[in-house]
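For ligands, and for the atoms within them, numbers begin at 1 and follow the listed sequence. Just the heavy atoms: all of them, side chains too, but no hydrogens, waters or symmetry mates, feed the values below.
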Amino acid sequence: MTTSPPGESAQVEPSSPHSLPSFQGAVPTPITAEDRLIADFTAGLHAHKRVLVGSGDDCAVLAHPDSRSVISTDVLVEGVHFRRDWMSLEQIGRRAAAQNAADIAAMGASAHSAVAAVTIPKDMGNNEITALATGLAKGLESYGYALVGGDLSSGPCLQIAVTVIGDLAGRPPLLRCGAQVGDQVYFAGNLGDSAAGLALLERFQSPQAALDDPTLPGSLRGLVNKVISRYQVPEVPASLASRLALAGAHALMDVSDGLSRDGAKIAAASGVVIDLHPVLLEKYAQRLADLASFLGTSSWDWILGGGEDHGLLCTAPAGFAIPGFTLIGEVLSASTQAANITNKPEVTFSNEDDSSSSFNAYLLVEGQPYAQHGWDHFAS
Ligand SMILES: Nc1ncnc2c1ncn2[C@@H]1O[C@H](COP(=O)(O)OP(=O)(O)O)[C@@H](O)[C@H]1O
Ligand SMILES: Cc1ncc(C[n+]2csc(CCOP(=O)(O)OP(=O)(O)O)c2C)c(N)n1
Ligand SMILES: [Mg+2]
């Protein structure tokens, strides 16, 4: 067998001398109860050129069109990312796929393959496990991923950790640190919908209870259904990602923690300031305005602070024209914004009413600091 020089991986085609036994795709002979559950996750897998050895052995063996692989993992934890009484098991599986597909798209990469580690609580029945497995398989397939392995364990709550591998097909990766002064800021995908859906479920505790509320205006029922379903399963514009590098994009990330917080991450990584323009975001805020006032809040909090729609945020020179992307702001020089930049990106001020507001110096809204509301798992 020939070997590649260190740091260089061979481009293996299934028909090469490296040929391996054909793709297995399922546990051959279930021996334990765990094997039978694994079969739920691998049912329906089909052979793929990328997968030389699939699920069923100690590891998968993959063929890569590009000598580099793009890899990421995201874990979804019951009670933190989803609740079983707020969505179906199939939706939870689909959500895990979408959330992970977003990270590969956020590098400008295309789908390659995935492994899934799932911790299943004892109170979940076989039908529920099958529904979860079906959702995960369908979700991964819809974004173009081949599921090639994983792990199952029993545990105290449902957790799904998916590791995704992407492919750049010769393109440069699009990094958070690539934004340049003079770039414009563009966005594709949904904005605020997932946060609106979450707010409805927090208030009413189930999709049906929200729809049954007698004070809900009939004109909002369609929107209520839409935003709850987008909280349950985000719709990631992943198919746009592979075009961005060639179209001239400089920096890219997916919005999971909120537009202002994730915008600040791009700006801080690039050493620039991002200024978001409300007039360009107005159409997103208007769409959710009546629903927000029904819940006694402002849709701007969802637009600027809500995460989990997993839209794509990118910076590119003016004139960047990819259908699906909307201009929402601009990239400014950090030095001309020196008055706003401090050594600590998060600056917290005490308000008169004893609450506090945190401003990120790298992210402005219409030239002004914005009090951040995005998600932070470990905020005290
Ligand atoms: N336990 C960990 N070990 C090493 N790197 C990690 C760990 N957790 C997160 N990271 C890295 O930190 C960065 C930020 O993580 P995160 O905020 O979860 O990104 P994203 O929003 O894209 O999922 C990513 O590059 C991620 O790979
Ligand atoms: C039951 C429930 N409560 C609260 C939330 C809101 N929430 C949980 S995690 C999160 C941020 C995104 O998750 P994270 O693990 O940070 O994703 P990543 O940035 O790693 O992609 C948000 C907005 C939720 N999705 N479900
Ligand atoms: Mg993450």
Side-chain angles (χ1 to χ4, degrees), residues 69-89 91-109 114 117 139 143 157-166 173-178 189-207 210 227-238 241 251-270 295 297 301-314 345-346 360 372-379:
S69 46
V70 181
I71 182 162
S72 167
T73 194
D74 251 341
V75 60
L76 279 74
V77 180
E78 180 171 10
V80 177
H81 297 87
F82 64 86
R83 277 174 45 170
R84 275 191 274 162
D85 55 343
W86 284 0
M87 56 183 95
S88 70
L89 270 303
Q91 286 170 326
I92 294 168
R94 284 184 181 272
R95 189 181 218 273
Q99 190 170 325
N100 278 276
D103 280 321
I104 294 296
M107 299 299 285
Y143 285 103
C157 70
L158 179 59
Q159 295 190 39
I160 306 136
V162 180
T163 299
V164 268
I165 297 174
L174 286 169
L175 308 180
R176 296 177 183 186
C177 61
N190 300 315
L191 200 49
D193 285 34
S194 177
L198 174 61
L200 281 161
L201 289 172
E202 282 173 339
R203 169 76 66 88
F204 294 104
Q205 293 300 315
S206 81
V227 297
I228 289 178
S229 74
R230 286 180 171 164
Y231 161 74
Q232 290 163 327
V233 184
E235 297 161 10
V236 182
L252 181 64
M253 83 179 282
D254 70 305
V255 176
S256 57
D257 297 336
L259 181 60
S260 62
R261 185 148 281 167
D262 289 334
K265 286 185 189 172
I266 288 190
S270 304
L295 289 176
T297 184
D301 287 348
W302 296 336
I303 302 303
L304 292 166
E308 295 194 300
D309 280 310
H310 296 280
L312 294 175
L313 178 64
C314 92
E346 291 279 344
N360 189 300
Q372 302 245 311
H373 300 293
W375 185 265
D376 182 349
H377 282 289
F378 300 102

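Rounding to the nearest 0.5 Å gives a distance of 12.5 Å between CZ of Arg261 and CG of Leu304. Distance check, rounded to the nearest 0.5 Å: CH2 of Trp86 to CD of Glu78 gives 12.0 Å.
Arg176 counts as a contact of ligand 1, since one of its heavy atoms falls under 4.0 Å from the ligand. Distances from ligand 2 to the non-hydrogen atoms of Gly307 include no value under 4.0 Å.
In this structure, Trp302 and Leu295 have side chains that are in contact, with non-hydrogen atoms separated by less than 4.5 Å. A heavy-atom distance below 4.5 Å is found between the side chains of Asp262 and Ser256. Pro207 has its side chain within reach of Gln232: a pair of non-hydrogen atoms, C-beta onward, lies under 4.5 Å apart. Using a 4.5 Å heavy-atom cutoff, the side chains of Asn100 and Tyr143 are not in contact.
Close approach of ligand 2 to His81 is summarised as follows: ligand atoms under 4.0 Å from at least one heavy atom of the residue are 9 (S), 13 (O), 14 (P), 15 (O), 24 (C), 25 (N), 26 (N). Every atom of ligand 2 is numbered from 1 in the order shown, and the set under 4.0 Å from a heavy atom of Trp86 is 1 (C). Of all the atoms in ligand 2, the ones that sit under 4.0 Å from a non-hydrogen atom of His377 are 9 (S), 13 (O), 14 (P), 15 (O), 16 (O). For ligand 2, the atoms lying closer than 4.0 Å to a non-hydrogen atom of Tyr231 are 1 (C), 2 (C), 24 (C), 25 (N), 26 (N). Contact atoms of ligand 1 toward Asp103: 20 (P), 22 (O), 23 (O) (distance under 4.0 Å to a heavy atom of the residue). Taking a cut-off of under 4.0 Å to the non-hydrogen atoms of Ser256, the atoms of ligand 1 that pass are 21 (O).
Relative ring orientation between His81 and His377 is described as tilted, the plane-to-plane angle lying within the 30° to 60° band.
Using a 4.0 Å cut-off between heavy atoms, Asp74 contacts ligand 2 through its side chain alone, with no backbone atom that close. With a 4.0 Å cut-off on non-hydrogen atoms, Asp262 does not touch ligand 1 at all. At a 4.0 Å heavy-atom cut-off, ligand 2 touches Glu308 through the side chain alone. When heavy-atom distances to ligand 2 are checked against a 4.0 Å cut-off, Asp254 has no atom that comes that close, whether in backbone or side chain.
Closest heavy-atom approach to atom 17 (O) of ligand 2 among the candidates Gln99, Arg95, Met87: Gln99.
Listed by chain and residue number, nothing satisfies the salt bridge (charged side-chain N to carboxylate O under 4.0 Å, His left out) test with Arg176 (two or more places apart in sequence, or in another chain).
The side chain to side chain donor-acceptor pair (under 3.5 Å) pairs that include a residue from residues 194-205 are Arg83-Gln205, where partners are two or more places apart or lie in different chains.
Note: no N/O pair closer than 3.5 Å links Val75 and ligand 2 by distance alone.
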